[in-house]
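All ligand and atom numbering here is 1-based and tracks the order in the structure. These numbers come from a predicted model, not from an experiment.
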Amino acid sequence: MKIKKIGVLTSGGDAPGMNAVIRAVTDKAIDEGIEVVGIVGGYRGLIDNNIRRLDYQFISDIIGIGGTRLYSDRCKEFQTEEGMQKAVETCRINNIDAIIAIGGDGTFRGATDLTLHGVPTIGVTGTIDNDITATDYTVGFDTAMNTVLASLDKIKDTCESHARLAVVEVMGRDCGQIALMTGIAAGAIAVVIPEIEFDEDAALERILSARQKGKRGMVVVVSEGVYHTDENGNRIHYGEYFAKKVSEVTEIDVRFMRLGHLVRGGHPSLRDRLTASLMGVKAVELLIEGKSNIVVVEEDGRYVPMDIVFALTTDRMYKNKLQPGDLDRYNSTELDIMKAICDKRATEIKELYDVANSIAM
Ligand code: F6P
């Protein structure tokens with residue numbers, strides 16, 4: 001089928017660089033003689049038939065703007081058969097031949113459902129968390145890390161002045177990469193991530209020893225995905241718990257901070273604009289080649305297509321969330337590839353974590 005008209009949407013948590021993907025997709029598609037429409041508000045817009053034409057004027061100045069000019073949503077209704085039927089009908093009445101969906105794993109689950117319902121869909125990764133195992137990189141990650149780093153530098157200034165320790169919680173859902181990399185870059189005294197068990201006693205000793213050696217300001221970077229469960233079974237974010245703990249067992253003045261959604265905004269960095277542009281162009285090329293149910297992933301610096309279901313299954317394998325039957329459709333070579341992707345990520349995180357600890361004084 002020759003593609004004449006495509007729809008673009010952004011879904012899930014917004015990420016800096018999503019606009020740059022929209023721009024690249026629109027520009028490339030128009031150049032190829034394809035009409036482009038934006039679906040406003042993610043999958044919600046597909047259900048509600050909230051569609052607008054995208055042209056050179058719309059994309060004229062959006063490459064460097066944070067957030068998403070097509071708006072976003074986490075749409076529960078899209079996960080129902082009724083919602084899906086409305087979405088498919090929206091595509092039919094608007095003559096939309098295919099969709100490019102920008103977002104994270106939830107977005108890709110929606111994309112594969114849409115393909116199964118007859119609307120060819122291609123995914124482009126856009127999430128600050130960098131938590132999609134099948135790709136080395138997701139658009140938004142670099143900007144978010146730079147925002148965290150700038151914040152940590154500022155927090156360190158005041159910690160140094162007052163000889164305080166700041167426990168700073170950063171986003172990342174179940175993925176600790178933002179905390180890990182910014183922790184190293186900020187010279188954190190400890191980093192706490194969900195992927196690797198935290199040695200609390202060793203960290204407390206290190207903090208005390210650093211203070212005895214004259215270190216004044218200190219930061220601990222904690223990923224939001226780590227929790228502490230108390231003796232009554234109550235679960236709190238580990239950062240809040242650890243701030244109290246440091247305060248109790250040392251004489252150090254401690255402050256807890258949650259950077260939260262601050263980290264999701266701001267002008268996309270060069271890395272994010274570049275990756276967004278390359279992935280966006282690749283997505284359009286793949287659609288023109290007749291591909292669908294694909295996500296564009298970064299693999300050792302190249303932008304390549306990967307089957308969405310394969311990518312989602314690999315992700316579940318890495319996160320120990322495989323469902324019965326998930327692996328049945330794959331042969332041994334494919335399973336080996338999945339395992340290699342998971343091992344690569346686990347090894348990278350372990351290596352970074354060891355470095356973080358080895359230079360944490
Ligand atoms: O997935 C991106 C992300 O920002 C996570 O880091 C965070 O856990 C979550 O989204 C927050 O979601 P919401 O914007 O719905 O509060």
Side-chain angles (χ1 to χ4, degrees), residues 9-21 41-45 66-79 101-111 123-152 168-183 191-195 221-228 235-240 256-269 271-272 275-276 279 295 297-298 308 311-312 315-316 318-319 321 345 349:
L9 63 84
T10 48
S11 162
D14 62 352
M18 279 182 160
N19 284 321
V21 184
Y43 290 119
R44 162 67 43 210
T68 162
R69 282 286 158 96
L70 284 178
Y71 314 141
S72 194
D73 192 17
R74 300 190 195 276
C75 180
K76 289 265 177 283
E77 194 185 345
F78 189 70
Q79 292 164 19
I102 308 157
D105 52 357
T107 306
F108 301 143
R109 279 193 292 277
V124 174
T125 65
T127 166
I128 62 162
D129 299 342
N130 204 29
D131 63 343
I132 300 171
T133 314
T135 181
D136 293 343
Y137 190 82
T138 60
V139 169
F141 180 48
D142 183 63
T143 308
M145 286 199 298
N146 281 306
T147 304
V148 171
L149 185 59
S151 308
L152 292 176
V168 183
E169 183 193 277
V170 299
M171 275 191 172
R173 207 181 285 272
D174 299 323
C175 179
Q177 287 201 59
I178 293 179
L180 181 53
M181 295 197 187
T182 59
V191 174
V192 191
I193 59 172
E195 291 90 341
V221 186
V222 185
S223 179
E224 65 171 343
V226 189
Y227 290 87
H228 170 79
R235 225 166 73 114
I236 60 163
H237 282 283
Y238 189 84
E240 287 173 87
F256 170 74
M257 262 151 277
R258 176 171 286 136
L259 297 187
H261 290 78
L262 176 88
V263 167
R264 278 227 311 248
H267 300 295
S269 66
R271 166 66 148 124
D272 281 324
T275 306
M279 284 186 171
V295 56
V297 298
E298 183 179 311
I308 289 192
L312 289 171
D315 204 45
R316 286 199 291 278
Y318 178 75
K319 292 170 183 163
K321 288 183 179 166
R345 180 163 285 231
I349 291 183

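Looking at G13 next to ligand 1, no N or O pair under 3.5 Å apart turns up.
With T135 contributing its side chain and E298 its backbone, the two residues share a donor-acceptor pair below 3.5 Å. Within the 3.5 Å criterion, the main-chain N or O of S269 finds a donor-acceptor partner in the side chain of T143.
Residue contact annotation: G172 has a non-hydrogen atom under 4.0 Å from ligand 1.
For atom 3 (C) of ligand 1, the closest non-hydrogen atom on the protein side is R264 NH1, 3.5 Å. Ranking protein heavy atoms by distance to atom 7 (C) of ligand 1, first place goes to E224 OE2, 3.3 Å. In terms of protein heavy-atom proximity, atom 12 (O) of ligand 1 is closest to R74 NH2, 2.9 Å. Scanning the protein for heavy atoms near atom 16 (O) of ligand 1, the closest one is H261 NE2, 3.0 Å.
Side-chain atoms of T125 and T138 form no donor-acceptor pair, as typed in the model, at a separation below 3.5 Å.
The nearest non-hydrogen atom to atom 2 (C) of ligand 1, considering only D129, D131, D14, I178, comes from D129.
Interatomic distance, M145 CE to I128 CD1, rounded to the nearest 0.5 Å: 10.5 Å. Note: S11 OG to F78 CZ = 8.0 Å, rounded to the nearest 0.5 Å.
More than 12 heavy atoms of other residues, nucleotides or ligands sit less than 6.0 Å from atom CZ of R271.
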